[in-house]
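Take a look at the structure set out below.
Residue numbers run from 1 in the order of the sequence given.
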Amino acid sequence: MGYDTASKTDPESVVPEEFGGMWFLKEELESDHVGFSILELEPGGKGKEHDETHTDQEEIYYVVEGTAEIELTDRDETVTLAADELIRLDSEESRQIFNRGDERVKLVLVGAPL
C-alpha cells in the first residue's frame, strides 16, 4: 500500500490524561524512517528531559496551539515558541518542553532518522 492513515487516539497516550497526553504514531503509520508524535501539556506540565544521541535522530517541534518553552539544558537557554513556530534540534542537544502558560499546549514532534 502506498499510504497509511492514523488517528491521534489509535495508540494509548504515554502521559496520564491529567497532565495532557502524548501519542507515538510511528507504528500506527508504519513509518520506517520518520518518528511522529503529538504532545499536549496542561498548564504547568512538562515533558521528559532527554537527548537523542542513542537514536542519532534530529527532531523538529511544531507548536499547533498555545506557547511552549523548550529548555536547552546543556546551554542553560530557553527558546519560547508560540503557535505556528518551530524548532529543529540536533540529536545531542539536551532538551525539555514546558507549558508555563495558562492554556493547554499542543505540539507535533517529528524525528528522523530512527
A side-chain contact here means heavy atoms from C-beta on lying under 4.5 Å apart; do [X] and [Y] qualify?
X	Y	value
T78	I70	no
E28	P11	yes
L107	Y62	no
I87	I60	no

Please round to the nearest 0.5 Å and tell me the distance separating atom [atom1] of [X] and atom [atom2] of [Y].
X	Y	atom1	atom2	result
I38	W23	CD1	CH2	7.5 Å
D56	E92	CG	CD	8.0 Å
S13	F24	OG	CZ	9.0 Å
D4	E27	CG	CD	12.5 Å

Exercise. Thinking salt bridges, do E69 and K46 make one under a 4.0 Å N-O criterion?
Worked result: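 Looking at K46 together with E69, the answer is no, because their closest N to O distance does not fall below 4.0 Å.
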
Problem set entry | Residues E58 and R88 bridged, charged N to O under 4.0 Å |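 Counted as a salt bridge, because a side-chain N and a carboxylate O are separated by less than 4.0 Å.
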
Tell me whether [X] at atom [atom1] has more than 12 heavy atoms from other residues, nucleotides or ligands lying less than 6.0 Å away.
X	atom1	result
E17	CD	no
E85	CD	yes
E12	CD	no

Honestly curious: do [X] and [Y] fall in one hydrophobic cluster under the side-chain, below-4.5 Å linking rule?
X	Y	value
V108	M22	no
F98	L81	no
F36	V14	no
V15	V63	yes
V105	L89	yes

Problem set entry | Flag, side chain of N99 to backbone of L41, donor-acceptor distance under 3.5 Å |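 Yes, the answer is positive, given that a donor and an acceptor are paired below the 3.5 Å cut-off.
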
For this session: Please name the residue in the list L72, D74, T53 that meets the side chain to side chain contact (heavy atoms under 4.5 Å, CB included) test with S94.
Result: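 Result: among L72, D74, T53, D74 is the only option passing the side chain to side chain contact (heavy atoms under 4.5 Å, CB included) with S94.
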
For this session: Kindly indicate, with the supporting measurements, whether the criterion salt bridge (charged side-chain N to carboxylate O under 4.0 Å, His left out) is fulfilled by E40 and K8.
Result: CA-CA 11 Å; E40 296 181 11; K8 174 183 87 173; 2.8 Å; yes

Problem set entry | The single option from E59, E52, E71 passing salt bridge (Lys or Arg N to Asp or Glu O under 4.0 Å) against R95 |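 Answer after filtering E59, E52, E71: E59.
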
Exercise. Please walk me through it: do S31 and K26 pass side-chain contact (heavy atoms from CB on, under 4.5 Å)?
Worked result: CA-CA 5 Å; S31 173; K26 181 182 183 299; 4.0 Å; yes

